[in-house]
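Hydrogens, waters and symmetry mates are skipped; everything else that's a heavy atom, side chains included, is used. Numbered from 1 within each chain, the chains take letters A, B, ... in sequence-line order. Just so it is clear, the model here is predicted, and its values are computed rather than measured.
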Amino acid sequence: MTRRVGVVRFPGTNCEFDTIDAIRMLGGDAEILWHGDPSLKNVDAIVIPGGFAHGDYLRCGAIARFSPVMGAVASFAQEGGPILGICNGFQVLTEAGLLPGALQKNVGMKFLCSMQQVEFVSTQNILGRGSEVGDHLQIPINHFEGNYVCSPEVLSRIETREQIVFRYTDNPNGSTKDIAGVCNEAGNVVGMMPHPERATSALLGSSDGASVIKSFLS
Amino acid sequence: MHFEAKIEVSPRDGIANPEGSTIERALPALGFKTTHNVRVGKLIRLEVEAESVDVAQSLVEDMCNRFLTNPVIEDASVEVLEV
Amino acid sequence: MHFEAKIEVSPRDGIANPEGSTIERALPALGFKTTHNVRVGKLIRLEVEAESVDVAQSLVEDMCNRFLTNPVIEDASVEVLEV
Amino acid sequence: MSAAPEDASVHRALGLSDEEYQEIYRLLGRHPNHLELAMYSVMWSEHCSYKSSKVHLKRLPTEAPWVLVGPGENAGVIDVGDDIAVAIRIESHNHPSAIEPYQGAATGVGGILRDIFTMGARPIAVMDPLRFGPLDDPRSRWIAEGVISGVSGYGNSVGVPTVGGEIVFDETYKGNPLVNVLAMGVLPTERLVLGKASGVGNLAILLGSATGRDGIGGVSVLASSGFDEKSNDADKRPSVQVGDPFEEKRLLEACLELLEEGLVSGIQDLGGAGITCATSETASRGGAGMDVDVSAIHSREEGMEPFELMTSESQERMLAIVEPRHLERVLHISAQWEITASVIGRVTGTGQLRVLDSFDGEVLAELPASTLHDDAPEYKRPMSPPSDLAERRQSDASLGPVNCVEDLLSLLCDPSWVYSQYDHQLFLNTVVGPGNDGTLLRLRHPSTGEETGRGLALSTDGNHRWCYVDPREGTKMVVAEAVMNIACVGAHPLAVVNCLNFGNPEHPEVMWQLSEAVDGMSEACVAFNAPVVGGNVSLYNETNTIDIAPTPVIGVLGMHPALSDPPPTVDLPSDSLLVLLGQEPASNVSMGGSRWAWEIGGCKDGVLPEFDLDEAVRTASFVASSVQKLSLKAVHDIGEGGLAVALAEMAIRSGIGAKLNDYDNHISMFNESGGRVLVVVGNNDLDDFLEAASAEEVTAKVIGQTGGSLLEFGPTVEISVDALIAASESQLPDALGQGTVSA
Ligand SMILES: Nc1ncnc2c1ncn2[C@@H]1O[C@H](COP(=O)(O)OP(=O)(O)O)[C@@H](O)[C@H]1O
Ligand SMILES: [Mg+2]
């Protein structure tokens with residue numbers, strides 16, 4: 001059966017339709033979940049896509065996390081539902097406390113849009129199916145606040161519990177331990193700064209993101 | 001009653017502050033050679049109605065904790081003044 | 001001598017402050033219904049060596065005018081303390 | 001009644017000449033009041049009325065069967081088939097960016113995007129041709145950094161990818177940067193709407209940001225006590241607008257939804273001259289009139305006066321003309337996107353624009369709406385070539401200290417420091433992004449997302465050196481370069497937009513430059529069959545009365561007819577043959593206008609190399625079709641810095657070198673003879689390729705082989721590719737690492 005994915009749209013979100021396109025191309029089905037509507041429309045999985053929810057004002061994700069839909073997303077997470085936060089979505093999930101740590105400004109104090117190589121550090125999560133630890137993927141990044149930080153205690157906890165999902169092989173933004181993506185303890189909520197939906201076609205430069213999205217859809 | 005609040009949001013000690021470090025790196029070339037430890041935070045001002053200064057203070061502190069700051073990376077101090 | 005400077009950078013009066021307005025619009029939904037006129041600026045702290053507090057003050061003011069702020073849209077106030 | 005105003009200082013302080021005042025008096029049949037004067041002054045400004053340039057712009061070719069909307073509307077619109085239309089426009093934000101670079105650039109991006117979604121199109125691409133003072137000037141660096149962060153900050157956040165542009169540093173822009181922004185959008189052809197108000201009783205709804213005192217510029221004198229002395233009161237008024245990309249994003253989504261549902265009969269963005277312009281323009285285009293209730297305008301500050309509300313240029317606002325029966329739905333959609341909407345006007349049948357204090361209140365101003373546009377003055381300003389032109393043309397621009405290797409290194413600059421700060425991939429269309437010749441985007445239907453199997457190409461180009469030496473020939477060469485850039489990604493041109501950045505129009509040489517540039521552009525556009533569908537004129541670009549070198553910037557839109565695979569890139573492959581397309585210049589080719597002559601030889605004069613426009617047309621078309629057939633292994637056009645810089649850029653991209661036989665002197669390396677392209681073909685494909693070229697009457701010559709780790713221009717000039725890479729990559733970061741100052 002085709003997976004139905006809900007893609008959350010806040011005011012300021014801009015990757016929602018790209019994400020839907022990629023999901024559909026890879027065999028899933030997808031529809032928009034409006035931030036002001038607490039209903040999840042019985043979807044099987046949720047993506048919080050990239051963009052600038054609420055203009056990224058105050059802090060990325062700070063305002064978005066109070067949206068009516070986010071209460072439902074939190075319960076969905078609790079029940080083990082698969083949730084993927086991409087870029088701004090990752091920021092929203094950390095602000096909402098569904099993922100550990102925080103994302104602050106890149107060390108170079110510049111927005112960065114470029115192809116990046118990331119490595120699978122753990123496959124014990126909704127994105128790892130069909131991949132091996134150590135697999136390398138070419139996936140673009142596109143962010144100003146992608147510099148992952150957390151307290152030393154949190155870091156050692158996520159390291160021992162294999163919650164680090166991706167690492168950059170050439171750290172572009174100063175992230176602690178080159179972290180590019182993390183998951184919650186159960187592995188059903190993942191946040192990543194790179195944009196897998198932008199790496200689903202050779203015509204556009206890479207299709208390495210397809211495996212990640214396919215795993216999410218399975 | 002009407003109050004003005006000033007909220008100083010600073011990067012937490014021990015957390016790198018890319019904005020401050022970038023400024024710090026640029027300063028010597030501009031002739032400012034004796035400056036260090038630059039840290040950039042936010043300054044939020046707002047007006048609030050409340051029955052008393054204590055109520056206003058705790059209201060704004062609550063706002064800070066729940067919303068205006070992220071405790072993983074920031075500290076805040078709140079100052080409330082009647083106007 | 002060693003000084004600590006605190007620089008408060010605020011948007012000039014009459015200049016739009018989209019960040020403040022956006023925060024203001026978000027507050028009622030969080031239960032803060034009596035808040036208005038939210039303005040967001042920057043808070044810069046740094047340390048500086050100088051012969052006297054006056055020299056330190058004017059050094060930091062100069063830094064503000066030439067580098068840290070654009071006086072066309074921002075006002076800055078500088079406070080220098082010896083440590 | 002006399003035509004002389006009671007107090008002539010008022011209109012003069014507003015920037016209206018005595019003759020212009022007389023004309024207003026004649027049009028109204030009475031003396032205007034201050035509010036009316038303010039409205040005329042903003043609408044008859046150079047910026048809004050094009051009064052100095054109009055007479056020349058009329059000579060541009062603007063028609064073709066595929067042009068749906070030409071110059072004059074908010075954006076040009078092209079029919080690209082499959083029920084898809086493309087809206088395109090370019091604009092300058094030069095002066096605001098000189099004062100507050102970040103916000104100047106940010107609001108420039110915001111403004112051009114509104115021009116696009118006003119037409120019902122979803123903006124899908126921005127390009128940012130940028131020009132700054134020299135990198136060794138700290139203030140120019142401050143402007144450059146601020147502008148680039150402004151484009152990045154606004155463009156990324158509003159959610160439109162910035163897919164290309166230019167970055168140029170030159171003494172001529174010190175104190176007066178050029179910040180041009182091009183935007184392109186796509187719409188279902190049937191959704192095309194125009195900025196027109198018709199239907200008596202229809203409502204004018206102001207959408208978006210509250211109106212503040214920002215950007216009331218010159219008319220702010222009305223608020224001060226005296227007109228002769230500069231009051232500090234005006235000083236306190238913010239002249240700088242702050243952009244809010246989040247507001248713009250919501251406004252964009254709301255407006256597209258209103259248009260999609262067919263709820264508006266006309267829509268217009270608010271740009272220069274604010275509400276005055278939007279209300280009078282919509283009314284006069286629709287042959288109607290309008291009553292405007294100033295008290296209904298949602299304002300950001302208290303106590304704003306009618307003249308402030310009517311002329312404010314606050315950002316992120318639109319005016320929609322709506323039938324009363326749709327009002328409720330319009331307000332609903334606005335509320336959903338958290339957009340403020342106020343009914344501020346009503347369409348009338350009188351042709352008059354009336355400003356009222358509430359709809360049945362006092363009439364504050366009343367004037368025939370069309371007089372603000374149609375009767376704006378039109379000047380035939382005196383023009384003459386510079387008096388020393390003949391003498392300047394005698395100079396030999398090839399003289400100077402020559403060190404081919406060092407000269408080459410100094411001419412390299414990797415712009416990725418700039419474009420890596422821009423989201424250039426959003427919407428999943430970017431097949432060839434910034435860093436190549438042209439940009440190439442997949443063309444998909446804006447509503448259904450269906451692929452057409454075709455691509456849209458974009459390039460922006462300018463060259464102040466060529467245009468300073470010879471504005472007519474230089475502009476021709478610039479158009480050719482833009483077309484050549486899109487040919488390199490497999491596209492043929494469909495349309496051109498242009499931004500004419502010139503100095504003070506009161507200087508006869510400047511008007512001569514402008515006129516020459518227009519004629520050069522016209523000739524080239526006719527030759528390439530690419531009509532001009534829009535543009536913008538920015539005058540008074542000067543510092544301390546020194547005019548900038550004339551800088552027409554050309555944006556070209558092209559079509560790739562069959563896009564299934566990525567086209568060949570700039571990357572040099574090994575073990576292949578380098579072929580030069582286009583006329584190889586004679587050995588005594590002129591170096592006039594070349595970057596080498598300006599920056600190394602120290603000569604800004606001379607003449608341009610001879611340029612054969614017809615051959616350039618044939619070459620461009622041959623390159624485009626070769627790229628489409630995927631018969632090339634690499635391709636790069638030759639622009640500033642000449643063949644040496646073009647080849648070095650190719651080597652830098654792949655880390656692979658090449659060996660040429662006889663290009664080891666500065667003239668053959670760095671001359672900028674136009675219309676040339678470097679291509680790489682496989683050894684086995686050479687014969688077929690040369691035959692195809694000759695069939696199309698395109699000059700083609702094998703000039704070397706690729707491979708190795710050195711770039712050899714001949715026996716005496718060689719350099720390692722690693723050295724080229726290091727020089728190119730470090731150029732911008734090193735220079736900008738020197739720090740910036742705002743004052
Ligand atoms: N300001 C900028 N913004 C975005 N892209 C830029 C900018 N400056 C240069 N680029 C990109 O870098 C590449 C090289 O630019 P340029 O040297 O001007 O090309 P050309 O000489 O072929 O016209 C182009 O793809 C261009 O779009
Ligand atoms: Mg090129």
Distance check, rounded to the nearest 0.5 Å: [X] atom [atom1] versus [Y] atom [atom2]?
X        : Y        : atom1 : atom2 : value
His2(C)  : His36(B) : NE2   : NE2   : 4.5 Å
Arg66(C) : Leu30(B) : CZ    : CG    : 6.5 Å
Glu47(B) : Thr35(C) : CD    : OG1   : 10.5 Å
Lys6(C)  : Arg39(B) : NZ    : CZ    : 15.0 Å

Donor-acceptor pair, distance only, cut-off 3.5 Å: does the side chain of Arg45(B) make one with the backbone of Ser10(C)?
no
Note, Leu46(B) side chain near Ile23(C) side chain (heavy atom, < 4.5 Å):
no
Min side-chain heavy-atom separation Val48(B)-Phe32(C) under 4.5 Å:
no
For [X], is it the side chain, the backbone, both, or neither that has a heavy atom closer than 4.5 Å to a heavy atom of chain B?
X        : answer
Ile7(C)  : neither
Ala26(C) : side chain
Asp62(C) : both

Asn17(C), Leu68(C), Val9(C), Leu27(C): which one forms the most heavy-atom pairs within less than 4.5 Å of chain B?
Leu27(C)
Among Glu4(C), Lys33(C), Glu49(C), Glu19(C), residue most engaged with chain B (heavy-atom pairs, under 4.5 Å)
Glu49(C)
I need the residue from Leu59(B), Val60(B), Asn37(B), Val40(B) with the largest number of non-hydrogen atom pairs under 4.5 Å to chain C.
Asn37(B)
